[in-house]
*Asks:* 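Attaching a single structure in C-alpha cells format; questions to follow.
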Number of protein chains: 2
Amino acid sequence: MAVSILDVAKRANVSISTVSRVVNRSELVNAKTRARVETAINELGYRPNAFARGLMLRRSEIVGLVLPDLHGEFYSEIIRGANIQARESGYNLVVFSARDRDDSQPLLNAIQRRTLLDGIAVMVSELTDRTQEVLAQVPMPVVVLDGDVNGGPHDNVVINQREGAVALMRHVVHACGARRMLFIGGLETNVDTIARYEACRQVLAEIGRDIDPADVFHLDYEYETAYNLGTQRISDWIGDGNCVFAANDEMAAGILAAANAAGIAVPQQLAVVGFDDTRVARMTHPPLTTVRVPMSRMGASAIELLCERIGDMERPPRRVSLSPELVIRESCGHALRV
Amino acid sequence: MAVSILDVAKRANVSISTVSRVVNRSELVNAKTRARVETAINELGYRPNAFARGLMLRRSEIVGLVLPDLHGEFYSEIIRGANIQARESGYNLVVFSARDRDDSQPLLNAIQRRTLLDGIAVMVSELTDRTQEVLAQVPMPVVVLDGDVNGGPHDNVVINQREGAVALMRHVVHACGARRMLFIGGLETNVDTIARYEACRQVLAEIGRDIDPADVFHLDYEYETAYNLGTQRISDWIGDGNCVFAANDEMAAGILAAANAAGIAVPQQLAVVGFDDTRVARMTHPPLTTVRVPMSRMGASAIELLCERIGDMERPPRRVSLSPELVIRESCGHALRV
DNA sequence: TTGAAAGCGCTAACAG
DNA sequence: CTGTTAGCGCTTTCAA
C-alpha cells in the first residue's frame, strides 16, 4: 500500500493538516515544522493521492482534445501544440478521435461516462445540428476548434480561412493569371472545404468568372485519391490559365505526382496550389504554393482558452481568430523562391 | 452541484449500496428494483464521480504514453495506434513528450507528481543508464517501447530493426549491386540509428566490404538537414554501385530532392533508400524503397501490453517483437512497381 | 436481495 | 501556527 498523508504525519510528529499545508505550498507553516515534514515526505517517498485530492478539489488537471481523426500531419501538429500548451498550463492532455461520421453518440458517451476531465476542446469539421446538440450536453467546459459556431455558448478558436483562401486566390488570379479553376475539396459538408470553395468563387467573381460545376470534386483529403483522380482527368485540365486548387497539400501533392507521371509541366501547363503548408508542401516538385495554417497554434490556443475557462467559469465566451498566411513557392507560375 | 449517488438512492427509494450495485452491473439486484434505480439514474442524469470511484478502486482507466517527441508522422502514427487500442481496452490515453535530451528528470516529475495514471508506456530512443534508473523508479506499471532493454523488469515492445535493415541491405547489395554505402543517421546514441548502421556494416561485411567512416553522417532525422547535406556533398556520391541509406524516409526524401535539384538521376547515378515507410515514401520521385515499420501497431501493442499488465500485476514480463517489412519501390535500381 | 456503516486519502473550515 | 473534525462520493464487507 502506498504511503499516505497519515504516514507522513506520524513520521513528522504533526497532524495530517500540517502535512497537507506543506504539500500545498501554503506558507502558513513554520519553517522548522515544514522542514521536518518535507524530510518525512522525501524519506517516505510520499505522493499525494490524486483521487482523494480530486474528490475534494473537483479538479483532475486533465483536459481532453477531440479530433475528427488522428491521421496525418494536420492533426498531429494540433496535438503537439495542444500538448505543449496543456503542460504549460499545468494540465495533462487526453486525446480522442471522433472518427464516426455523423454519429457523435459514441463520442459523447466516451466523454460523459465517468470522466475525470476538467474540460474538453472539440474540433468540429462537420458542423451539423446534431453536433451542436451534443456539444450543448457536454457536462464540462467546452472549447470549439475551427467550427464556425457564431454566438455559440462556447469559447471558440477559428482559422480565418476565408482570408487565407482569398489571398491565395488573388495571387493565383492576378499574379499568375489563372482563369479556369479546378477545385478539389473534401466532403461537401466539411467546413474547411466550404470556406475554401467560397473564397474560390468569390475571387473568380471579382474578375467576372465562375467555376464550372464539372470542375469541382469532393474527395477525402488523401494523397492517393487525388492522385487517382489526377491520373484520370488531368489531360482535360491542361491549359494556360488553368489552375488546380486542392483543399489540402496532400491532395495537391497527389495532383502534382499525377502531372509528373503524365509528363505535364507544372506550372507551365497547369498550375497547382494547396492548403495548410504541411511538410509535404516543401517536398513536392515543384514546391507548392499554399496557405500556412498555424496548426500547432490552433491546438495551443484551444487548450489555452480551455484552461482559462476552467479557471474562471464566469468569464464571457471568447473567440480567438488565427490568420493563415500565403506561402508562395513554385507550383503556380511565379517562381519566387521561399 | 452534480447529482450524486445519494440523490439517485432517494429518488428510487433504495440505499446507496443498491444504486452502486446497479451501476456496477452486479446482477445481484432484483429486476424490479434495478428498473426503478435505472429510471432514477436516467431521469437525474446521474454519472458516478470518477474521483470517488478511483479512490476506492484505485484505478483511473487512464494510461500514459511518453514519446521522445511529437513531431512527424512516426510519432503521430504511434499515438494513433495507441489511442485506438487504449479505447478498445477501456482506457483513455494521455500523451507526454519527453523532449529534453538526456535530462529525464522533468519527465519523471511530471509522471510521479500526483498522477492519476494507471500505467505508462515509454518510448525510449536514447537508452542511457540514467534512463534505466528513471524507469525503475516510476511507481506504476511501465511498458518500454523500442528500447532494447534485455531482461529489463518491464514489459517491452521492440521492432526487429536489425532484421528489416538487413533485408533492405541485402536487397540493395544483391539485387541492386550496391558496393559503396553512404549512411545518413540520427544521433550516434539513437538506438534506431545504431541498429540500422550495424545492419549496414554487417551486410557489407558479407560481401567483403566495409563502409568508409567519411561516408557516415549523423544528422537529426529532418528533411531539410538531409537536403542541405545532399546539396553540399552529392556530387561526391555519384557513381555506379553507390547507394545512400538514410535512417528515415524524410532524410531520404531530402537527399532525393537534392539529387533532383542537381540533375542527378536516381537510381541510375545514385541509389537511395529510406526507412519507416511513412507517407512521404510514396510521394517522392522516384518512390522510395524502404522498410515498413508498423508504427501504429507499435503504439497499439505497447498499450495492449500495458493494459494486460494493469489487469494482472503478477504476470511475468513479456516482450513483443514486431517485424518490419521490405518495401521495394523505384529509388534503388530494381523498378518493381509496388 | 437489500441496508447500514466503515473507510479510501485528502482538503478546509473552525478551534485553540 | 497547528490540530480536530467533518465531509467529498463511492465501494464493500457484514448483517438482517
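Letters go in sequence order (proteins before strands), and every chain restarts at 1.
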*Asks:* In residues 300-308 of chain A, what donor-acceptor pairs under 3.5 Å come from side-chain atoms, sequence neighbours left out?
*Replies:*
unit_1, atom_1, unit_2, atom_2, d
Ser301(A), OG, Arg297(A), O, 2.9
Glu308(A), OE1, Arg315(A), NH1, 2.7
Glu308(A), OE1, Arg318(A), NH2, 2.8

*Asks:* Just N and O in the side chain of Asn24(B): are any of them under 4.0 Å from OP1 or OP2 of dT11(D)?
*Replies:*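 Checking dT11(D) against Asn24(B), a side-chain N or O does come within under 4.0 Å of OP1 or OP2.
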*Asks:* Under the salt bridge (Lys or Arg N to Asp or Glu O under 4.0 Å) test, which residues partner Asp118(A), sequence neighbours left out?
*Replies:*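 Listed in chain order: Arg59(A).
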*Asks:* Considering residues at least two apart in sequence or located in another chain, which fulfil the side-chain contact (heavy atoms from CB on, under 4.5 Å) criterion with Ile84(B)?
*Replies:* Arg80(B)
*Asks:* Between Ser20(B) and dT11(D), is there a contact of a side-chain N or O with OP1 or OP2 at under 4.0 Å?
*Replies:*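 Yes.
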*Asks:* When you check the phosphate oxygens OP1 and OP2 of dG9(C), does a side-chain N or O of Arg53(A) lie under 4.0 Å from one of them?
*Replies:* no
*Asks:* Provide a list of protein-nucleic acid N or O atom pairs under 3.5 angstrom, restricted to nucleotides 4-6 of chain D.
*Replies:*
unit_1, atom_1, unit_2, atom_2, d
dT4(D), O4, Ser17(A), OG, 2.8

*Asks:* Check side-chain contact (heavy atoms from CB on, under 4.5 Å) between Thr39(B) and all other residues, then give those that pass, not counting sequence neighbours.
*Replies:*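 With sequence neighbours excluded, Thr39(B) shows a side-chain contact (heavy atoms from CB on, under 4.5 Å) to Glu43(B), given in chain and number order.
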*Asks:* Suppose we screen for side-chain contact (heavy atoms from CB on, under 4.5 Å). Which residues come up paired with Leu44(A), at least two apart in sequence or across chains?
*Replies:* Val3(A), Asp7(A), Val8(A), Arg11(A)
*Asks:* side-chain hydrogen bond (donor to acceptor under 3.5 Å, both in side chains) with Ser4(B): which residues, sequence neighbours excluded?
*Replies:* none
*Asks:* Using side-chain hydrogen bond (donor to acceptor under 3.5 Å, both in side chains) as the criterion, list what pairs up with Asn30(B), not counting sequence neighbours.
*Replies:* none
*Asks:* Just so I know, are the side chains of Val23(B) and Ile41(B) near enough to count as touching, which here means a heavy-atom distance under 4.5 Å?
*Replies:*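 Answer yes - side chains close enough.
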*Asks:* To the nearest 10°, let me know how far the axis at one end of the helix from dT1(C)-dA16(D) to dG16(C)-dC1(D) is tilted from the axis at the other, five pairs an end.
*Replies:* 30°
*Asks:* Run the salt bridge (Lys or Arg N to Asp or Glu O under 4.0 Å) test against Glu88(A) and tell me which residues pass, sequence neighbours left out.
*Replies:* none
*Asks:* Under a 4.0 Å heavy-atom cut-off, which of residues 31-38 of chain B touch DNA chain C?
*Replies:* Thr33(B)
*Asks:* Name all residues meeting the side-chain hydrogen bond (donor to acceptor under 3.5 Å, both in side chains) criterion together with Asp220(A); count only those two or more places apart in sequence or in a different chain, and write none if there are none.
*Replies:*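 Asp220(A) satisfies side-chain hydrogen bond (donor to acceptor under 3.5 Å, both in side chains) with Thr225(A) only.
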